[in-house]
Amino acid sequence: MSAELELSGLEARVFEAFANTSNRRYLYLCNMRTNVSRWSRSAVEYFGLPGEYIYDAGNVWAQHIHPDDRQMYFDDLNAVFSGKKPCHSLEYRAMGKDGNYVVCSCRGIVLKGENGEPDLFAGTLTNHGVVESIDGVTGLYNGYEFMNAVRGLIERKESALVVMLGVSGFSTINSVYDYAFGNKVLAALAGQLSALVHGRGTVYRMDGARFAFCMSHGTAENARCFYRKAQEIARSRLNVDGICVSLTVCGGAMIFDKGVGSESSVRAGVSYALECSKRDGHGELFFSGDNHEDEAHRQTLELMNRIHTSVVQGNRGFYLLYQPMVNAKNNAVQGMEALLRWHDDEYGEVSPGRFVPWLENDPVFFELGNWILERALADGMKLLAIRSDFVVNINVAYTQLSRNGFREAVMEILQRTGFPAENLCLELTERCRTLDMNLLRSELEFFIAHGIRIALDDFGTGESSMSLLRDLPISSLKIDRAFISDIVSNEKDQAIVQMICHCANRLDMEVCVEGIESEDVRQFVDGYMPDCYQGYFFSKPVPLEAVLQCVQQQMAEAATA
């Protein structure tokens, strides 16, 4: 059958060369006169196709396409072959030989022969369910390979030093110049970092402007020395298109031995250390754990691994508590914030402050976040049956907002639970604000367009900026408790809270003040006219039943007043 495709020796070699350069991007070439196609071997293997050469491939391939997408596929092909469209360009779901569907992007054009008649139909098929090993921008191994490398070290029970670097404020470079220039900067930095680690380990390109290094048998002093050299490279050695670029980096590190933990707990731990460096350390290198040599750090790694496993095993041990949000004018409970908790037979009740910050850096948090959302909205339906304007606030992590498919997941959960979109408020945690501004704005505008509210959590600290209020579609602000605990006597806190409340009022945003723990603080903050309160003075985080009972009692009292 291969002869029927009528490829010359050179053409066949060219096809062979391009067809085998990627595990996720496949080539196909169809002779439109004989209806025989040739496909990349990797596509044949992944989808279980009859062979590299296929007769009537259009219909053969259609049987792999999801039934709901199949007519769309045929309609697009017919439009191309009839001349109504210049090219085939479509995204759909296709089933692999394992029976699971993956999203594929298909592109193709019709090539005409010497007589002007359609001769060949050629194109590419990209399988988004397969992860490449090489980052296309820097040429480095990517985060997927980083995880494989760490897994291998753990399985072999080898000691290792892992360092993660992040470029601070990289989105500014993309904004001032453009993304193409930003990619050149990342490539230049990657080249310098590769030379720095050459012979001692491997450098990986992680998500965004982050790089990870995996080196054997490192010490804390090795890590600090390496980090100082990396800082110097970023600060003074990059020349891109004749422009001298100076970058500021932050860093997190972890030293592990004897196979402690898992690759996911290592990544989450070092990512959290990186966030600490950025937030609290002014660019100093942070280690995951107070001291990598002590028993406490080993226990932390074991705990991280235990919690990661709990998520993978169906969110075992996780449950939700809710903290009421009280209307500032009439003390009515008008909403509640969902708060994650975890209990384990061995570790007992573990404080969320001990595991949530680094768990939010673990990729498995995407699925856990969806579980939180669905559980909280299902519980919220019980409150809506009592009070129709009741609002449920749910924290959103960087791991969720930065991932493709998050908006679809939210809409699907709303549909499954029947929860009204206008009664849901998504709270952006601090790291979410480090996302590329265009991406962040796009995601938030989608949610706002569907009636979902957006709140900035812990406003006034960390990555908070007044420009966020100007540039993002925000519904409400939650003033961080750090400005509230001493507000009665601290004039600077008073000025800051007054300014935030006044600004939010002018921008038609609601204000929720967190950390109200006494009557005198509540009365003092009343003078700034916020919309609602949250804090132990009104209620600590409680089970759903306690919130239900409180709202039922308040509604009954209001009805008889």
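Residue numbers count from 1 along this sequence.
- For the residue pair Asp135 and Tyr141, no side-chain donor N or O sits within less than 3.5 Å of a side-chain acceptor on the partner.
- In this structure, the side chain of His66 engages the main chain of Asp68 through a donor-acceptor pair within 3.5 Å.
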Verdict with reasoning, Ser194 to Leu140, per side-chain contact (heavy atoms from CB on, under 4.5 Å): CA-CA 9 Å; Ser194 294; Leu140 300 175; 3.2 Å; yes
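- No donor-acceptor pair closer than 3.5 Å links the side chain of Asn315 to the backbone N or O of Phe318.
- When all heavy atoms of Pro473 and Ile454 are compared, the closest pair comes out as O-CB, 3.9 Å.
- Panel note: side chain Arg205, backbone Val137; no donor-acceptor pair is recorded below 3.5 Å.
- Around atom NZ of Lys85, more than 12 heavy atoms belonging to other residues, nucleotides or ligands sit under 6.0 Å away.
- Without hydrogens or angle criteria, Tyr73 side chain to Gly58 main chain gives a donor-acceptor distance under 3.5 Å.
- Relative orientation of the Phe213 and Phe226 rings is perpendicular, given thresholds of 30° and 60° on the angle between their planes.
- Shown here is Phe121, whose CZ atom has more than 12 heavy atoms of other residues, nucleotides or ligands within 6.0 Å.
- Between Phe406 and Phe446, a ring centre-to-centre spacing not shorter than 6.0 Å is recorded.
- Closest approach of Asn127 to Cys104, counting heavy atoms only: CA-SG, 4.2 Å.
- By the 4.0 Å N-to-carboxylate-O rule, Glu232 lies too far from Lys229 to be salt-bridged with it.
- Nearest heavy atoms, Asn100 versus Asp98: N-OD1, 3.0 Å.
- Between Val103 and Tyr92, the closest side-chain pair of non-hydrogen atoms is not below 4.5 Å.
- Side-chain contact, Asn59 with Gln63: no donor N or O sits under 3.5 Å from an acceptor N or O.
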Does the side-chain contact (heavy atoms from CB on, under 4.5 Å) test come out yes or no for Tyr55 and Val60, once each step is laid out? CA-CA 8 Å; Tyr55 177 74; Val60 172; over 6 Å; no
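- Proximity of Leu29 to Leu27: side-chain heavy atoms (C-beta onward) are nowhere separated by under 4.5 Å.
- Of all heavy-atom pairs spanning Tyr26 and Ser42, the tightest one is CD2-OG, 3.2 Å.
- Ion pairing between Arg453 and Glu422 fails under the 4.0 Å rule for side-chain N and carboxylate O.
- In terms of heavy-atom proximity, Pro50 sits nearest to Ile54 at CD-CD1, 4.2 Å.
- Asn31 places a side-chain N or O within 3.5 Å of a backbone atom of Arg33 that can act as its donor or acceptor partner.
- Ser277 places a side-chain N or O within 3.5 Å of a backbone atom of Gly251 that can act as its donor or acceptor partner.
- For Gln415, the CD atom counts as loosely surrounded, since its 6.0 Å shell holds 12 or fewer non-hydrogen atoms of other residues, nucleotides or ligands.
- The shortest distance between side-chain heavy atoms of Phe47 and Val102 falls below 4.5 Å.
- A salt bridge links Glu443 to Arg407: one of the charged nitrogens lies within less than 4.0 Å of a carboxylate oxygen.
- In this structure, Trp61 and His64 have parallel ring planes: the angle between them is below the 30° cut-off, well short of the 60° mark.
- When only modelled atom types and interatomic distance are considered, Arg316 and Gln313 share a side-chain donor-acceptor pair under 3.5 Å.
- A donor-acceptor pair under 3.5 Å is formed between the side chain of Ser246 and the backbone N or O of Arg235.
- Contact detail for Phe419 and Leu424: the closest heavy-atom pair is CE2-N, 3.7 Å.
- You'll find the side chain of Leu153 stays beyond 4.5 Å of the side chain of Val162, heavy atoms only.
- Inter-residue side-chain proximity for Phe211 and Met206 is flagged as unmet; no heavy-atom pair is nearer than 4.5 Å.
- Between Lys112 and Asp119, no side-chain nitrogen of the basic residue sits less than 4.0 Å from a carboxylate oxygen of the acidic one, so the salt-bridge criterion is not met.
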Let's go through Val163 and Met215 carefully: what are the C-alpha distance in whole Å and the side-chain angles of both, what is the deciding distance for side-chain contact (heavy atoms from CB on, under 4.5 Å) to 0.1 Å, and is it a yes or a no? CA-CA 8 Å; Val163 179; Met215 295 171 276; 4.2 Å; yes
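- Residue Ile413 holds its CD1 atom at 7.0 Å from CG of Leu377, rounded to the nearest 0.5 Å.
- No side-chain donor-acceptor contact under 3.5 Å links Arg25 and Thr124.
- The closest donor-acceptor contact from the side chain of Ser236 to the backbone of Ile233 lies at 3.5 Å or more, if one exists at all.
- The closest donor-acceptor contact from the side chain of Asn142 to the backbone of Glu145 lies under 3.5 Å.
- Between Met32 and Glu117 there is no side-chain heavy-atom pair separated by less than 4.5 Å.
- Side-chain contact between Met72 and Leu90 is present, with heavy atoms from C-beta onward closer than 4.5 Å.
- Taking CD1 of Ile394 as the reference point, atom CD of Glu374 lies at 10.5 Å (rounded to 0.5 Å).
- Using a distance-only test at 3.5 Å, with no hydrogens or angles considered, no donor-acceptor pair links the side chain of Asp69 to the main chain of Ile65.
- Rounded to the nearest 0.5 Å, atoms CG (Asn148) and OG (Ser133) are 7.5 Å apart.
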side-chain contact (heavy atoms from CB on, under 4.5 Å) between Cys106 and Glu91, intermediate numbers included: CA-CA 6 Å; Cys106 193; Glu91 189 170 274; over 6 Å; no
